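See below for the structure under consideration.
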Amino acid sequence: MTTVVSVHSFRGGTGKSNTTANVAALLAARGHRVAVVDTDIQSPGIHVLFGFEEDLDNTLNDYLWGKISIADAAHDVTGMVAQSTPVAAGGALFLVPSSMKARDIARVLREGYDVGTLNDGFRDLARNLKLDYLFIDTHPGLNEETMLSITISDILLLILRPDKQDFQGTAVTVDIARRLEVPLLLLVINKVPSGIDIADLKAQMNAAYAAETAAALPLSEQVVRNASGALFSLTHPDHPWSAEVRAIAARIS
């Protein structure tokens with residue numbers, strides 16, 4: 001049985017993709033079979049965290065346009081995880097990236113794509129790769145694809161910053177998730193400045209949204225300097241940021 005985890009934010013710039021990649025890698029290292037699908041087709045980027053360059057072949061775009069199967073778009077990135085930490089027996093991590101080619105992005109913006117085909121792809125990927133977890137890295141905001149991802153999710157991770165615009169937008173998303181009856185809704189607040197009482201912040205979040213806050217990721221110059229160059233939780237396991245990411249992985253599993 002595959003657990004579907006959608007990772008979403010109301011606005012861009014929350015660190016959604018970075019959080020997704022690190023949590024997925026930690027679960028794979030613990031012996032789970034995990035895949036990440038980058039459905040932020042208009043502005044993809046999670047592939048950078050796994051060492052891919054811009055000129056990618058076999059992408060989610062190719063699947064959506066009927067050129068390849070969804071399994072053919074899944075790149076095995078387990079080896080990258082193993083470079084930084086041991087991977088338990090049976091563990092594997094796959095990435096289905098979106099295209100960074102300008103013509104492909106322009107085509108998506110111009111023509112769109114069939115959301116039903118995307119849903120079929122999720123199901124086929126989970127079955128063909130025998131996944132324990134399927135992570136959907138969504139496009140920020142609310143659109144048809146986002147609504148689909150939320151609807152089919154077992155777990156919805158909502159990433160936000162300590163910012164009034166994020167607070168308001170997250171409130172809207174929480175309301176929609178409840179209307180869609182998502183089984184488990186978890187909040188993750190990112191880029192928390194130093195000097196903030198984390199326990200108090202989590203209590204305020206829980207009270208404001210009546211939802212569990214799984215982690216509060218500190219604003220870290222080291223994480224910023226990492227600049228998507230590696231999976232930080234694996235290369236810096238003793239850092240406070242990494243400890244909070246492990247808390248997310250533990251809560252999901």
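The shown structure was predicted, so the numbers you read here are calculated from the model rather than taken from an experiment.
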Could you measure the distance from the [atom1] atom of [X] to the [atom2] atom of [Y]? Nearest 0.5 Å is fine.
X: L234; Y: M80; atom1: CG; atom2: CE; result: 8.0 Å
X: S220; Y: E244; atom1: OG; atom2: CD; result: 12.5 Å
X: T14; Y: K191; atom1: OG1; atom2: NZ; result: 7.0 Å
X: S99; Y: L64; atom1: OG; atom2: CG; result: 11.5 Å
X: K202; Y: D197; atom1: NZ; atom2: CG; result: 11.0 Å
X: K16; Y: T138; atom1: NZ; atom2: OG1; result: 4.5 Å

So R123 and D120, salt bridge (Lys or Arg N to Asp or Glu O under 4.0 Å) or not? Walk me through it.
CA-CA 5 Å; R123 185 174 57 251; D120 292 341; 2.8 Å; yes

When you look at F135 and S6, which way does the side-chain contact (heavy atoms from CB on, under 4.5 Å) test go after all the steps?
CA-CA 6 Å; F135 281 79; S6 284; over 6 Å; no

Got [X] and [Y] here, is their nearest side-chain heavy-atom distance under 4.5 Å?
X: R225; Y: F232; answer: no
X: D166; Y: R11; answer: yes
X: D154; Y: V5; answer: no
X: I155; Y: R251; answer: no
X: L185; Y: Y209; answer: no
X: L125; Y: L134; answer: yes
X: R107; Y: N61; answer: no
X: Y133; Y: V4; answer: no

In the hydrophobic clustering (ILVMFWY, side-chain contacts below 4.5 Å, transitive), which residues join V224, or is it alone?
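Besides V224, the hydrophobic cluster comprises nothing; the residue is isolated.
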
Might you work through the ring pair (Phe, Tyr, Trp, His ring centres under 6.0 Å) test for H75 and F50, ending with a clear yes or no?
CA-CA 10 Å; H75 300 254; F50 294 102; over 10 Å; no

Counting only heavy atoms not in R110, do more than 12 sit closer than 6.0 Å to its CZ atom?
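Yes, CZ of R110 has more than 12 neighbouring heavy atoms, counting only those of other groups under 6.0 Å.
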
Heavy atoms of other groups near E181 CD, more than 12 under 6.0 Å
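Check fails, neighbour count at 12 or below.
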
Measure from NZ or CZ of R246 to the centre of the six-membered ring of W241, then state whether that distance is under 6.0 Å and the direction lies within 45° of the axis.
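Verdict for W241: no cation-pi partner in R246.
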
Run I152 and N119 through side-chain contact (heavy atoms from CB on, under 4.5 Å) and show every step you take.
CA-CA 9 Å; I152 67 172; N119 190 31; 3.8 Å; yes

Give the cluster check for [X] versus [Y]: same hydrophobic cluster or not, with ILVMFWY residues linked at side-chain heavy-atom distances below 4.5 Å.
X: I105; Y: I41; answer: no
X: V23; Y: I159; answer: yes
X: V245; Y: I189; answer: no

Sub-3.5 Å donor-acceptor pair from the side chain of E212 to the main-chain atoms of L186, do we have one?
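Checked: no pair found.
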
Scan D40, V36, V37 and name whichever one has a side-chain contact (heavy atoms from CB on, under 4.5 Å) with I46.
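By the side-chain contact (heavy atoms from CB on, under 4.5 Å) criterion, I46 pairs with just one of D40, V36, V37: V36.
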
Step by step, work out the side-chain contact (heavy atoms from CB on, under 4.5 Å) result for I252 and L157.
CA-CA 10 Å; I252 287 174; L157 279 181; 4.0 Å; yes

Salt-bridge contact R127-D124 (side-chain N to carboxylate O under 4.0 Å):
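Looking at D124 together with R127, the answer is yes, because their closest N to O distance falls below 4.0 Å.
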
